[in-house]
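What follows is one structure encoded as structure tokens, with my remarks underneath.
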Amino acid sequence: MIPSIDDMQATADFLKKRTGFSPEVGIILGSGLGGLVKEIAIEHQIPYEEIPNFPVSTVEGHSGKLIFGKLGGKSVVAMQGRFHYYEGYSMQQCTFPVRVMKFLGIKNLLVSNASGGVNLSFKVGDLMILTDHINLFPTNPLMGRNNSDLGPRFPDMSEAYSKELVKKAEAIAARNGIKIQKGVYAGLSGPCFETPAEYRYIRAIGGDAVGMSTVPEVIVARHGGIPCFAISIITDMGVGDEAGDVSHEDVIHVANNAEPKMTLIMKELIAAL
Ligand code: HPA
């Protein structure tokens with residue numbers, strides 16, 4: 001079922017009533033990347049099950065709650081656990097929380113994820129700031145009748161990731177001696193990891209990393225005019241036939257280890273907004 005604008009408004013009203021909060025910044029935390037939450041001065045946390053119209057997250061490593069608090073001097077709302085297309089939700093369900101965050105008044109969206117490196121110069125554990133994406137999902141969250149109260153029929157995607165936020169994050173990384181990669185994220189449905197041929201294909205079309213999230217949320221945020229910033233932790237390398245096995249456990253393990261660097265960048269970026 002496609003959530004309606006009334007559902008979005010009702011959910012935002014519920015959250016406003018329950019928390020009294022008007023967040024300026026929305027955050028979506030990826031697999032094994034919930035640690036940024038420890039930096040938030042939490043005022044409210046609401047499990048997804050308690051939020052009207054929210055889908056319920058199922059995948060391991062995603063605990064599924066909405067957190068309201070202060071970070072870097074700003075009011076933030078953070079999703080600990082996101083909804084993936086491969087879990088069986090529609091694109092509209094996956095991105096429903098982004099619509100709700102827009103109704104709550106966020107001015108920027110910050111996203112993290114774990115991804116596979118396809119750029120051969122990347123190393124496991126690297127951080128990659130997204131400069132662009134390629135939508136390889138079989139569909140798009142904006143399919144169907146457009147509601148012009150949410151955004152235009154044909155939204156511009158020439159700056160899916162805010163150049164200004166990328167510049168700020170690069171400066172923060174440099175100041176803190178954190179090595180950073182920049183590149184294009186290819187988003188696809190999963191849940192299979194890629195075959196060696198698929199990794200080669202993604203490399204050939206200009207992808208630097210590949211993952212199963214972020215693209216739907218960023219499309220919806222841009223539809224709503226929200227500037228986006230996203231950062232990937234490269235948890236494994238798709239280097240061809242010698243790629244070896246990738247497991248969800250490896251992904252979580254590498255993500256946990258690289259997380260402090262990502263947390264620092266996110267926190268300082270929020271402070272600098
Ligand atoms: N492919 C797709 N998604 C991923 C990967 C990968 O190699 N690593 C982490 N998420």
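Every number for a ligand or one of its atoms is a count from 1 in the order of the listing.
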Listing, residues 174-181 side-chain donor-acceptor contacts under 3.5 Å, not counting sequence neighbours, or none:
unit_1: R175; atom_1: NH2; unit_2: E268; atom_2: OE1; d: 3.0
unit_1: N176; atom_1: ND2; unit_2: I172; atom_2: O; d: 2.8
unit_1: K179; atom_1: NZ; unit_2: D126; atom_2: OD1; d: 3.2
unit_1: Q181; atom_1: NE2; unit_2: D126; atom_2: OD2; d: 2.9

Output a table of donor-acceptor pairs, distance under 3.5 Å, between side-chain atoms of residues 33-46 and any protein atom two or more places apart or on a different chain; print 'none' if there are none.
unit_1: E39; atom_1: OE1; unit_2: K267; atom_2: NZ; d: 2.9
unit_1: H44; atom_1: NE2; unit_2: T19; atom_2: O; d: 3.2
unit_1: Q45; atom_1: OE1; unit_2: K65; atom_2: NZ; d: 2.9

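S213 has its side chain within reach of Y185: a pair of non-hydrogen atoms, C-beta onward, lies under 4.5 Å apart.
Ring to ring, Y48 and F83 are close: their centroids are under 6.0 angstrom apart.
In this structure, the salt bridge (charged side-chain N to carboxylate O under 4.0 Å, His left out) partners of E164, at least two apart in sequence or on a different chain, are K168.
Using a heavy-atom distance under 4.0 Å as the criterion, the protein contacts of ligand 1 are A114, S115, G116, F193, E194, Y199, V210, G211, M212, T235, D236, V251.
Interatomic distance, L150 CG to I5 CD1, rounded to the nearest 0.5 Å: 4.0 Å.
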